[in-house]
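Here is the structure we will look at.
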Amino acid sequence: MARRYWLFKSEPDVFGWDHLRSCPDQTTHWDGVRNYQARNLLRDEIQEGDLGFFYHSRTTPPHIVGTVEVTRAGYPDPTQFDPKAKYFDPKSNPEAPRWYVVDVRAAKLLPRVVSLEELKQEQALSSMMVVQKGARLSVQPVTAREWEIVIQMAGMSTIAE
DNA sequence: GCCAACGTTGGC
DNA sequence: GCCAACGTTGGC
């Protein structure tokens, strides 16, 4: 299947790009997603080898900072079963896990970060999910065309990726 | 820090 | 199964 593209949101104070870079192998499981629409993407759609933007939310200005590669497709989020974990979900059970994660590895730091404002001003990105008002989904699909446009805005050539 | 937008919960 | 109340997200 063709590689697909995604956007992963995170608050830099909670888990930012530098946190990911400091993880072993610059890889982490993308845990804590507790929204069913995003869960469905993690569980059913996102595949190993897909690429994603790492987006910093709740900061000034909000921006895309880098890219990640998916290194493992969806599997149950271990934090949902851990009573001591922040994301413990007493209503989930291992027989039928409610929440999923994928593994992502830091790929490229953008030569230039791309702010939400810049994304909004780019006509060709007017239907990109992240620029829509009230778009709170923390894992979002990105089209190949949107990916290419943002990559170029970030000062990366398509060929260099 | 505010608050609009959105998602979820639970009483009925 | 509706919908008011509540909690969270995230731009500003």
Side-chain angles (χ1 to χ4, degrees), chain A residues 4-23 28-46 50-68 70 73-143 145-147 149-155:
Chain A
R4 287 197 283 170
Y5 302 93
W6 310 95
L7 180 145
F8 297 89
K9 283 186 194 171
S10 192
E11 298 180 32
D13 292 344
V14 178
F15 188 87
W17 177 256
D18 290 341
H19 293 97
L20 180 59
R21 290 295 298 264
S22 67
C23 289
T28 192
H29 48 257
W30 199 261
D31 64 15
V33 173
R34 295 294 180 267
N35 167 284
Y36 287 103
Q37 204 178 337
R39 185 284 306 271
N40 292 345
L41 296 177
L42 294 169
R43 187 189 60 189
D44 306 330
E45 304 292 334
I46 302 176
D50 286 356
L51 298 179
F53 289 127
F54 194 113
Y55 177 88
H56 280 161
S57 64
R58 268 186 86 92
T59 189
T60 305
H63 60 275
I64 294 172
V65 61
T67 65
V68 297
V70 176
Y75 62 99
D77 184 340
T79 67
Q80 70 193 307
F81 305 124
D82 177 2
K84 295 189 295 294
K86 178 183 175 191
Y87 296 112
F88 175 60
D89 182 348
K91 289 190 261 185
S92 186
N93 77 81
E95 309 293 301
R98 182 179 289 195
W99 306 114
Y100 281 72
V101 296
V102 298
D103 285 354
V104 299
R105 180 169 57 211
K108 304 279 185 183
L109 175 67
L110 300 189
R112 286 189 269 109
V113 304
V114 180
S115 71
L116 178 60
E117 186 59 30
E118 291 173 87
L119 296 173
K120 284 180 173 174
Q121 284 173 4
E122 174 52 60
Q123 196 63 36
L125 298 178
S126 60
S127 53
M128 192 175 181
M129 188 177 287
V130 75
V131 307
Q132 309 305 315
K133 188 176 178 183
R136 300 193 332 187
L137 202 60
S138 63
V139 178
Q140 305 183 352
V142 171
T143 68
R145 173 162 165 73
E146 290 163 352
W147 181 269
I149 292 167
V150 175
I151 286 294
Q152 289 181 21
M153 291 169 77

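Throughout, protein chains are lettered first and strands after them, A, B, ... in sequence-line order, and every chain is numbered starting at 1.
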Is the closest side-chain donor-acceptor distance between A:Asp103 and A:Tyr75 under 3.5 Å? yes

May I have the distance from A:Arg39 (atom CZ) to B:dT8 (atom C1'), rounded to whole angstrom? 14 Å

Rounded interatomic separation in angstrom, taking CE from A:Met129 and C1' from C:dT9: 15 Å

Find the distance A:Gln140:CD to B:dC6:C1' and express it as a whole number of Å. 13 Å

Whole-Å distance, A:Phe15 CZ to C:dT9 C1', equals 19 Å

From CG of A:Leu137 across to C1' of C:dG11 the rounded distance in Å is 16 Å

Mind running side-chain hydrogen bond (donor to acceptor under 3.5 Å, both in side chains) on A:Arg34 and A:Thr79 for me, showing each step along the way? CA-CA 11 Å; A:Arg34 295 294 180 267; A:Thr79 67; 3.1 Å; yes

Distance test, side-chain N/O of A:Tyr55 to OP1/OP2 of C:dG11, below 4.0 Å: yes

Can we call the ring centroids of A:Trp6 and A:Phe53 under 6.0 Å apart? no

With a 3.5 Å cut-off and no angle check, do the side chains of A:Gln123 and A:Ser126 form a donor-acceptor pair? no

Considering only heavy side-chain atoms of A:Ser57, the closest of C:dG11, B:dG7, B:dA5 is C:dG11

Any donor-acceptor pair under 3.5 Å between the side chain of A:Arg136 and the base of C:dT8? yes

Among B:dT8, C:dG11, B:dA5, which is the nearest nucleotide to the side chain of A:Leu116? C:dG11

So, does A:Lys133 get its side chain near the phosphate of C:dG11, meaning an N or O under 4.0 Å from OP1 or OP2? no

Looking only at the aromatic ring of each residue, does the gap between the centers of A:Tyr36 and A:Trp99 stay below 6.0 angstrom? yes

Find the distance A:Gln37:CD to B:dC6:C1' and express it as a whole number of Å. 11 Å

Please tell me which of the listed nucleotides, B:dT9, B:dT8, C:dG11, lies nearest to the side chain of A:Lys91? B:dT9

Rounded distance in Å - NZ (A:Lys9) to P (B:dC6): 11 Å

Provide, to the nearest angstrom, the distance between the NZ atom belonging to A:Lys120 and the P atom belonging to C:dG11. 8 Å

